[in-house]
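Structure first, then comments.
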Amino acid sequence: MKNNINNHKKLSTIIGLIVGIILLYVFLPNKNVKLNLEDFALDENTKTYRASIENKKIHCSDLKDISSCIKGYKAENKNYPVVVWLGNSQLHAINQYKKGDNTAALHIHKYLKGLNFYSLTFSQPNANLQEHYLLFAYLLDQFKINTLILPIVFDDLREDQIRSNIISILNYQNSFKRIEKSLSGKRIISKNNQKDLAGNEINIIEDTIQNNFENFIDDKLGNIWPLWMQRDSLIGQLYGNLYLLRNSIFGIKATTTRKIIKGRYANNINALKDILSLAIENEVNVIVYIPPIRNDIKIPYNISQYVNFKHEISEITKHYETNFANLENLIPAKLWGKKASTSLKKEEEVDFMHFQAEGHNLLAKAIFLEFKKILKLSE
Amino acid sequence: MIFNSLTYLLLLIVVVSLYWLLPYRARLSLIFFSSLIFYGFWKIKFIPVLLISVIVDWIVSQKMQIVHKKRKSKLLLISLVTNIGLLFYFKYLIFFAENSIGLINFFGGNIDSITFKIILPLGISFYTFQTISYTLDVYRGFIKPEKDFILFACYVTFFPQLVAGPILRAKEVIPQFNNRPTFSINFIYIGMRLILFGLFLKVVLADNLSILVDTGFAINVENMSAIDVWTLAFLFGFQIYFDFSGYSFIALGSARMLGIIFPNNFNFPYIASSPKEFWRRWHISLSSWIRDYLYLPLNNIKVLNRSEGGLERVVKTKGSKKSLFTTMGIMGLWHGANWTFLIWGLYHAAIISIYRITQPKISKFPNWFKTLAGISLTLPIMMLSWIPFRASSLSDAFSMWSKLFNPFKYTWLGMRENTYLITFLVLIGFFLVYLFKEKVSPIINSSKYISLIFDSIFIMILTSLVIIFFRAINQFIYFQF
């Protein structure tokens, strides 16, 4: 048990501590740009746009801004039946964005308004069906939903994480009750339960003196040392560079084939079934659709898995007597675009997920057509 | 209070500054009261539980000195009943009640389950073991009871080791408090380096791995492949190692800043070439405690009485296997009131037993082969032990293990590709760091300037990463035990 440390180690400790802090300033991204980790995969070619009409938001993300969409609807004060469109970044990203471009969410809102319906869109990057399930359960308590529009994105069935702004829906008693007995609800609850390995409450500092004091010092430190508050941007930059490095080493591109991940796929399919059951229970019409994908080049999926997937979705919708549309070939090749390189090489890559503004228009028209079919049926 | 928080760092700065300015008596009072503040920042209401343990053991040990042997045993019993009673009430009562009701109902009874709301006081398993060791040492005559209550209280409640160890012996700590260390800047430098390294292990490595581990273990077991089970075993093995050794380094560093030297609690456990060696490198203070207060006494063998060495002795007495399984089973249950922990302990007992049987046959091989083959076998076997430790139920643990023996379960991947990649990188990184420390570091240290450059870069990287990832969100895994 030595207590010796030579002068070099002392000196290197001081140098290391000082240079380590300076290094953070060197690598700190532009202080005015707030890095959005969720939209990391989007780039300068693809702009995120969530529309508002007459200062009323009609396109939101999740619990962090959901209240502005709900407020907008309530401010309308006309008790329109609501059409909810859930989806991933395809709904809020416009490729090769030009000023004045709009998303499908805005177009559909206008089309439906003409029929005295009010549409609200909620989309998050790489959103999975378990997240849609929670969001749908939550929205059922906010207003009377007439129709749910639900894209089933093959890529997103590889996702399993539920972001914090959606998992907190479990804190709402009504939403919790809606899902607690379903297969995926049980799974989501147990996965996110607040117990540790030994069965104790997991967040030991919540509601403690330490928690309050920690928040207090954290704020104070942020005030006197701005870098402290910008650490999320640094983490984003670090992860971003690691992502590019990984892709460069393994030659991963947007065109690289993604296989399904068995467990995650099953969890998301179960969530789809639970969404459809919940919709039936609450007399909500559902339009399930296979979203457009760029089809003039080889798609980045295992073809047989993708074919099976489409067949399975079609069968599920038949079982639940739900409307189904395959829109995979809806958008012509010219309306798709490029995205920035996903590796350290600077060459542009094909974007399979996000299309240009005209594509959004086509998608809105196609969905509107499906909606009108439902109206006809119900008449 | 958790170590990876600004609150703790602030407390440490204040306590270290005052400590070296104050005279001796005041220093002890400072440590005692700052330890209570440290503990009370979590939940004040559990301070009396901690103090009960301290006061009872202090009184009992004082009395032991003045009574004859027969009464000594009674006093020991009072201490054991108090400490184990507290532990049983807070940690095992619900488990015991649930299982008893289950058993009664299984045999035809009809009892409704009882709902208890008992919160486990932080660190109770650690400080009760520490006080038990003290009373037993006094009983055995290894140490004289400490007359100074504050000094004794400092030994039990000393904040760097209060909530998650290391579980130290009185003879290792009390004399250090007594010796009144004089200030040396070395204490601060070494302490800072240890804390920085501990924070790196916790906030950069363990907390980032925890995201992958939590996601992985949340998969339905039926959808997991055998490759997933292996990956998760390794991944959690590294997470818990970084987490707990990170905590231990911060504890060592904090104590060092106050002039108190703790022995190492971890020493590259996954480099072990046998299960025996693993327990000399993993949670050394606990395995040494188990050795001295359970395993050796059960075999009627003289104890070693130090918090180092782990389960190093091979005992070949009649009934040693039984005592090994009992000891390891208790060690498993010490971690938590769940059958999964018991299985974890028994798994280790079984592995040690198999090793003891095969050891004579292996000894004729050359050393290099024994080491290489030993590491290659011990590492995966030890990693697989983490499956019941982390799985949410016994059936999940057995289902996961069973997949390993089914060749058809090796045909798919159930997690994101990154998970396998990161596990592989961590595994390679672990061995590279070990080789660097053993082979390259001595060469670098032989040259002043190269050493200065390398060490500065090392501290620089650690500092940057710790600042970026420092969050008081994730508790240490061992806080729950």
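Order of the sequence lines fixes the chain letters, A, B, ..., with proteins taken first and strands second; residue numbering starts at 1 for each chain. Quick note: numbers below take in every heavy atom, side chains included, and nothing from hydrogens, waters or symmetry partners. Not measured: the values here are computed from a predicted model.
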Practice problem: Find the distance between CZ (Phe469(B)) and CG (Leu238(A)) and round it off to the nearest 0.5 Å. | Solution: 5.0 Å
Exercise. Pick one of side chain, backbone, both or neither for Thr463(B), based on which atoms fall under 4.5 Å of a heavy atom in chain A.
Key: side chain
Self-check item: Heavy-atom neighbours of Tyr410(B) OH exceed 12 at 6.0 Å
Solution: yes
Quiz item: Hey, does Phe470(B) have a side-chain heavy atom less than 4.5 Å from the side chain of Arg231(A)?
Solution: yes
Quiz prompt | Crowding at CZ, Phe183(B) (>12 non-hydrogen neighbours, <6.0 Å) | solution = yes
Quiz item: CZ/Arg264(A) to CG/Asn220(B) distance, rounded to the nearest 0.5 angstrom?
Solution: 12.5 Å
Quiz item: Among Ile219(B), Leu465(B), Leu421(B), which residue forms the greatest number of heavy-atom pairs with chain A at distances under 4.5 Å?
Solution: Leu421(B)
Exercise. Against chain A, label Ile44(B) side chain, backbone, both or neither, depending on which of its atoms sit under 4.5 Å from a heavy atom there.
Key: side chain
Return all side-chain donor-acceptor pairs below 3.5 angstrom for residues 12-19 of chain A, not counting sequence neighbours, or 'none' if the list is empty.
from: Ser12(A); atom 1: OG; to: His8(A); atom 2: O; distance (Å): 3.0
from: Ser12(A); atom 1: OG; to: Lys9(A); atom 2: O; distance (Å): 3.0
from: Ser12(A); atom 1: OG; to: Asp455(B); atom 2: OD2; distance (Å): 2.4
from: Thr13(A); atom 1: OG1; to: Lys9(A); atom 2: O; distance (Å): 2.5
from: Thr13(A); atom 1: OG1; to: Arg193(B); atom 2: NH1; distance (Å): 2.9

Practice problem: Using modelled atom types only, decide if a donor and an acceptor are shared between the side chain of Glu214(A) and the backbone of Leu6(B) within a distance under 3.5 Å. | Solution: yes
Quiz prompt | Distance (rounded to the nearest 0.5 Å) between Phe213(A) CZ and Tyr8(B) OH | solution = 15.0 Å
Exercise. Inspect the contact between Asp228(B) and Lys262(A) and indicate whether a charged nitrogen and a carboxylate oxygen are less than 4.0 angstrom apart.
Key: no
Quiz item: With a cut-off of 6.0 Å (strictly less than), are more than 12 heavy atoms of other residues, nucleotides or ligands near CZ of Phe454(B)?
Solution: no
Quiz item: For the residue pair Ile261(A) and Gly414(B), what are the closest heavy atoms and their distance?
Solution: CG2-O, 2.9 Å
Quiz item: To the nearest 0.5 Å, what is the distance between OG (Ser5(B)) and CD1 (Ile217(A))?
Solution: 7.5 Å
Self-check item: Ion pair Glu417(B)/Arg158(A), N-O distance below 4.0 Å
Solution: yes
Quiz item: Who are the salt bridge (Lys or Arg N to Asp or Glu O under 4.0 Å) partners of Asp219(A), not counting sequence neighbours?
Solution: none
Quiz item: So how far is it from Leu24(A) CG to Met460(B) CE, rounded to the nearest 0.5 Å?
Solution: 10.0 Å
Quiz prompt | Contact class of Ile453(B) relative to chain A, heavy atoms under 4.5 angstrom | solution = neither
Quiz item: Is Arg246(A) close to Asn418(B) at the side-chain level, that is, under 4.5 Å between some pair of heavy atoms?
Solution: yes
Quiz item: Between the side chains of Asn186(B) and Lys10(A), does any donor sit under 3.5 Å from an acceptor?
Solution: yes
Practice problem: Among the options Met224(B), Met415(B), Glu222(B), pick out the one with the most heavy-atom pairs lying under 4.5 Å from chain A. | Solution: Met415(B)
Practice problem: Side chain from CB out, backbone as N, CA, C, O: work out which of these in Ile467(B) comes under 4.5 Å of a heavy atom of chain A, or both, or neither. | Solution: both
Quiz prompt | Residue, of Ile461(B), Thr215(B), Asp214(B), Ile457(B), that accumulates the most heavy atom pairs under 4.5 Å with chain A | solution = Thr215(B)
Quiz item: Going from CD1 on Ile468(B) to CG on Leu234(A), what distance comes out if it is rounded to the nearest 0.5 angstrom?
Solution: 5.0 Å
Quiz item: With a 4.5 Å heavy-atom cut-off, do Ile211(B) and Gln161(A) have their side chains touching?
Solution: yes
